[in-house]
Peer 1: 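Structure below; questions to follow.
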Number of protein chains: 2
Amino acid sequence: MTASREALSDLLERKGVRATPRRLEVLEELAREPDDVTAQQLWGRLRERDSGAGLATVYRTLGLLSESGVVDVLSHHGGEQCYRLCGDEHHHHLLCERCHRVVEVQECGLDDWVASAAERHGFVPTDHRVEIVGLCADCRSG
Amino acid sequence: MTASREALSDLLERKGVRATPRRLEVLEELAREPDDVTAQQLWGRLRERDSGAGLATVYRTLGLLSESGVVDVLSHHGGEQCYRLCGDEHHHHLLCERCHRVVEVQECGLDDWVASAAERHGFVPTDHRVEIVGLCADCRSG
DNA sequence: GCGATAACGATAACGGTTCTCATTCGCACA
DNA sequence: TGTGCGAATGAGAACCGTTATCGTTATCGC
């Protein structure tokens, strides 16, 4: 998922977010991460790379990025939120309950199911979230 | 969803949780609630009824109840958790984005979809969660 | 370069949750 | 009906993730 600094900069501008050096550092670190990370973890990794980014900036940037749809926010840890750089399209997540790996499921195909389930209770659906929890290939065999 | 004190007491014992008066108060208040509530809200309602239950006890009890599968925990508010007395069986939730009403969807029927989505990425699924967000019948017309 | 504005870092404040500990309660047993 | 012991409880402190504040610094249009 690692991307060039230019690509990430373009991504930000396209979303109407000014691409400052600090924001690029955060985004770059996020792109380096295959799974989801908490704000604090991300901050820790930035410090290891001798970035002077402050914790507040990390939170601000993650907030901006999630608002503009660049990152997904997962709250499966109860208490703290996890962030992940995700594709643009509607998708769901597979979570490994052992190693916490996160994999995107691009194929949704649940629209009909969602519509009928919602309709049965008088709801008009606007969105839906699915999380599949299980064991990933590595944890299954290891 | 209101249930007799005896039924609630039985429910606790059946789950291996000692049915103390305080715990019954909490459970009773939870049964009175059609939607989900936060721990703090629940505590507030107990105080209104002149219950002397402490906040710590409310948290402890909700923790116990969720561990033993008597209540569901929803973390859709980011930051604080919501609790809800739910049926025993596997189910999903419909959330009204306007009034925050929560409705259980008993019919799942997603096992095949889940299995194939997981398998496609090398996962063995153990559980899945679905939340449908939308507008309930009242908020749709109102 | 210059000025207005946005972004930034350090740190305090906030709010939900958990921990601590002294007290009380519930239950088994004498 | 006491008595003792472990579990449960309440008050409040501690904790921790997050957000707000504020003075400083960088950025961009001119």
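Proteins come first, then strands; the chains are lettered A, B, ... in the order of their sequence lines, and each starts at number 1.
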Peer 1: Rounded to whole angstroms, how far apart are CZ on R23(A) and C1' on dG9(C)?
Peer 2: 14 Å
Peer 1: How long is the line joining CZ of R22(A) and C1' of dA10(C), in whole Å?
Peer 2: 13 Å
Peer 1: Report, as a single string ordered 5' to 3', how protein heavy atoms within less than 4.0 Å touch nucleotides 11-30 of chain D: B base, S sugar-phosphate only, - not at all.
Peer 2: BB----SBBBB-----S---
Peer 1: Scan L11(B), T61(B), L8(B) and name whichever one has a side-chain contact (heavy atoms from CB on, under 4.5 Å) with L24(B).
Peer 2: L8(B)
Peer 1: Take atom CZ of R140(B) as the centre, draw a 6.0 Å sphere, and report whether it contains more than 12 heavy atoms from other residues, nucleotides or ligands.
Peer 2: yes
Peer 1: Rounded to whole Å, how long is the line connecting atom CG of L64(B) with atom C1' of dT18(C)?
Peer 2: 14 Å
Peer 1: Salt-bridged, K15(A) to D88(A), with N to O below 4.0 Å?
Peer 2: yes
Peer 1: Tell me if the aromatic rings of H121(B) and H93(A) count as close, with their centers under 6.0 Å from one another.
Peer 2: no
Peer 1: Do we see a donor-acceptor contact under 3.5 Å between the side chains of S9(A) and R5(A)?
Peer 2: no
Peer 1: With a 4.5 Å heavy-atom cut-off, do R32(B) and R49(B) have their side chains touching?
Peer 2: yes
Peer 1: What is the distance, rounded to the nearest whole Å, between atom CG of L62(A) and atom C1' of dC8(C)?
Peer 2: 15 Å
